Every structure is written in C-alpha cells, then in structure tokens.
Amino acid sequence: MPELPEVETIARGLANRVTGDEIETVWLGEKPEPLKSTPQEILAALEHTRIEHVRREGKHIVLDLRGPKGTPDDARQWIVHLGMTGRMLVAEAYTEVEKHTHAIAKLKSGRELRFVDPRRFGRLSVTQPGQGFKGPGTEPLDISLEDFIVLFKGRKTPIKSALLNQKLLHGVGNIYADESLFRAGIRPLRQAGRLKPDELKRLHTALRHVLREAIKLGGSSVSDYVGADGEKGFFQLKHNVYLRTGEPCRKCKTPIKRIVLGGRGTHYCPKCQK
DNA sequence: AGGTTGACCTGGACGC
DNA sequence: TGCGTCCAGGTCAACC
C-alpha cells in the first residue's frame, strides 16, 4: 500500500482518532514474521501506555507512547512499517476481526488499533526516542536542491533505483518514483550520476510537487484502500504513467511503456522522457 | 563499497 | 470450476 503520501495520510487519520487514548492490553498473532522486536518486548513497551502523538517518518508510522509515571524509561515508540499490504485500523472492539490480523491493541475508549497485513511484509517494532531506527537518508520534502544534487553524485545506478533507495531518500516508492520522473521528463534508466544540474533541479521540484499533491488527495488507492477508517485516496486518478502500460500519454498520446528495472515494474513515456 | 538479483508472502485478474 | 501465470504500494541478504 504505502509510500510517503499514503503513510502520511494514515498517520494523520490515526492521530485524529487515537491521540490521548490509552493502550490497555495487546494481543499478538501466531505468525512471528511481522515482529522485529520480540513479543515480550512489544507487550512490555505497549501495554498500559498513553498515546501522545502519531506521525510519519519516511515510510514508518511512529506512535509516541508514555508509560506509567515513575517508570524510568517511560517514553517509548511503537514503529509500524506497512510493507506492501499493511493497514492500521481503528475499530470498535465488537466488530469482526478480519483475516491476516497480526496485532490488536485494546484501547481504554473501547476501540482497538488493529494491524492487518496479508502478505506479511510489514513489520512492528518498539524502541526508545532518539534510537534512530531509520538509518541514513533524508525526507524528500525537507531536502534542499543542493543536498539533493549531492545524493546522486557519481552513482552509476539508474535514477529510478536511486530514488527508491531509502538510504538516500526516505519514503519514495514505486508510484512516486515513476510519477516524478515523468513530471521531470527523465527516463528511469538514466544513470543517476550523469544527470545534468538542470535535470536534477527539475526532478527535485517534480518529486516534491508530486508528493505534496498526493498528500492533498489522501494518497493513491491502487487495489485496496488507505486511511484508518478505510477511506480511499484519489491521487491514482492523477497518475500519468504508473500502471498505465499501453494507454496514451496524457501529454503526447504515445503509449506508455513498461519495463522491469531492479525487479520493479517501471512505467514511462518514451517520447516525453529523455 | 556500490550495484544487482532473488527471496520473502498472499491474493486478485486474466487466459485456457 | 479450476488451474497456471503474472502482477502488486517494500525491504533484505547474498552475490558480483
């Protein structure tokens, strides 16, 4: 599901619904894959805490939690990565628990925070503030043009692969890599280190424009939905190339081409992108 | 070290 | 109806 705009939308939706609520108990499913921390660590960190903030960092949802007063390390973070198909739902406790639910946090309000993920590429972990779970890399909405240009210097990898590299930029995924390259008029296979300054400038502008527009529209809903209540995003209606193989380019009518790059479906207009 | 590939999973769409 | 194939919002470990 989720790249930066989708995770931003989900985090905002969660913040509206659960900020100030309290996690009483936590249930974890049988399958261990979705857990990066041990079940014991997760239970110990989450149970009997107050949810102070919910926000996005890269493609991660971060829930800032506060434990019972007097506990020395009473500040913790619940880190959720949604993988491809993960969702975080807020549901009344009496509603049916759907298939592939891997974790449920029971809240004082009587609602539940449920982590559902059919493909199990998502991950749950707990940490303490300042532990730096993300590693190197920058938020694309914060990066200056100068720093953006430095990221790609000397890199032989295709520019699309570089955009997807989370050690360089946090939060760009397959949709927004393809869409921003279209907007910038750059072919995905171009070597990152060989792009000219004006091309990198166009890409910097395009990427930030596309991400901001997508956030405004609640992200892209490609096959399932986005948002803590299941509301759909609408940015998919604005896609110029992603999943539009063979359809006419919105600018020049040339059929959109699909190639495989780094194992990912990659879509571009052979005429508009050089 | 940087770059590339395949593995990890389930399910939906499509063709026969 | 069913079976096979391909495709899907993402990382990782293992190779070169």
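No experiment lies behind these values; they were computed from the predicted model shown. Letters A, B, ... mirror the listed sequences (proteins, then strands); counts begin at 1.
- The side chain of Arg120(A) has dT10(B) as its nearest neighbour among dT11(C), dT10(B), dG2(B).
- OP1 or OP2 of dA8(C) has at least one side-chain nitrogen or oxygen of Arg258(A) nearer than 4.0 Å.
- Phe152(A) and Phe148(A) have perpendicular rings, their planes meeting at more than 60° on a 0 to 90° scale where under 30° would count as parallel.
- Across the protein-nucleic acid pair, Gln236(A) atom CD and dA8(C) atom P stand 16 Å apart, rounded to whole Å.
- In this structure, the nucleotide among dG3(B), dG11(B), dC7(C) sitting nearest to the side chain of His100(A) is dG11(B).
- We find that CD1 of Ile61(A) is positioned 14 Å from P of dG10(C), with the value rounded to whole Å.
- Remark: Gln166(A) is in phosphate contact with dT11(C), judged by side-chain N or O atoms under 4.0 Å from OP1 or OP2.
- Residue contacts for Gly263(A): at a heavy-atom cut-off of 4.0 Å it reaches no nucleic acid atom on any strand shown.
- Residue contacts shown for Tyr242(A) are limited to sugar-phosphate atoms, with no base heavy atom under 4.0 Å away.
- Of the candidate nucleotides dG10(C), dG3(B), dA8(C), dG3(B) has the atom nearest to the side chain of Lys156(A).
- Residues Val260(A) and Arg258(A) form a side-chain contact, since some pair of their non-hydrogen atoms from C-beta on lies under 4.5 Å apart.
- Contacts of Lys99(A) with the nucleic acid, taken as non-hydrogen atoms under 4.0 Å apart, involve only primed sugar atoms and P, OP1 or OP2.
- Ring geometry, Tyr176(A) versus Phe235(A): the interplanar angle falls from 30° to 60°, so the pair is classed tilted.
- At the heavy-atom level, Pro158(A) lies under 4.0 Å from the strands shown only through sugar-phosphate atoms.
- Separating the CZ atom of Arg264(A) from the P atom of dC6(C) is a distance of 18 Å, rounded to the nearest angstrom.
- Atom name P, nucleotides dC9(B) and dA14(C): the rounded distance is 15 Å, in whole Å.
- Set against dG10(C), dT11(C), dT4(B), the side chain of Pro2(A) has dG10(C) as its closest nucleotide.
- Across all strands shown, dG11(B) is found opposite dC7(C) as a Watson-Crick or G-U wobble partner, with both distances under 3.5 Å.
- Rounded to whole Å, the distance from NZ on Lys36(A) to P on dG10(C) is 16 Å.
- Nearer the 5' end of DNA chain C, as judged by each residue's closest nucleotide, is the contact made by Arg119(A), out of Leu164(A) and Arg119(A).
- The CG-P distance, from Asp117(A) to dC8(B), rounds to 17 Å in whole Å.
- Within the 4.5 Å cutoff, side-chain heavy atoms of Val241(A) are placed close to those of Gln273(A).
- Nearest approach of Ser109(A) to Asp21(A), heavy atoms of both residues: OG-OD2, 2.5 Å.
- Listed nucleotides dG3(B), dG10(C), dT11(C) differ in distance to Thr157(A); the shortest reach to its side chain belongs to dG3(B).
- Residues Arg17(A) and Arg111(A) come closest through the heavy atom pair O-NH2, 2.6 Å.
- Using a 5.5 Å limit on the distance between ring centres and a 30° limit on the angle between planes, the aromatic ring of Phe121(A) does not count as stacked on the six-membered base ring of dT11(C).
- In this structure, the CG atom of Leu168(A) is 13 Å from the P atom of dT11(C), given to the nearest Å.
- Across the P atoms, dC6(C) and dG6(B) are found 14 Å apart, a figure rounded to whole Å.
- Following rounding to the nearest Å, Lys167(A) (NZ) and dG3(B) (C1') show an atom-to-atom distance of 12 Å.
- An OP1 or OP2 oxygen of dT11(C) is reached within less than 4.0 angstrom by a side-chain nitrogen or oxygen of His81(A).
- Spacing between atom CZ of Arg56(A) and atom P of dG10(C) amounts to 14 Å, rounded to whole angstrom units.
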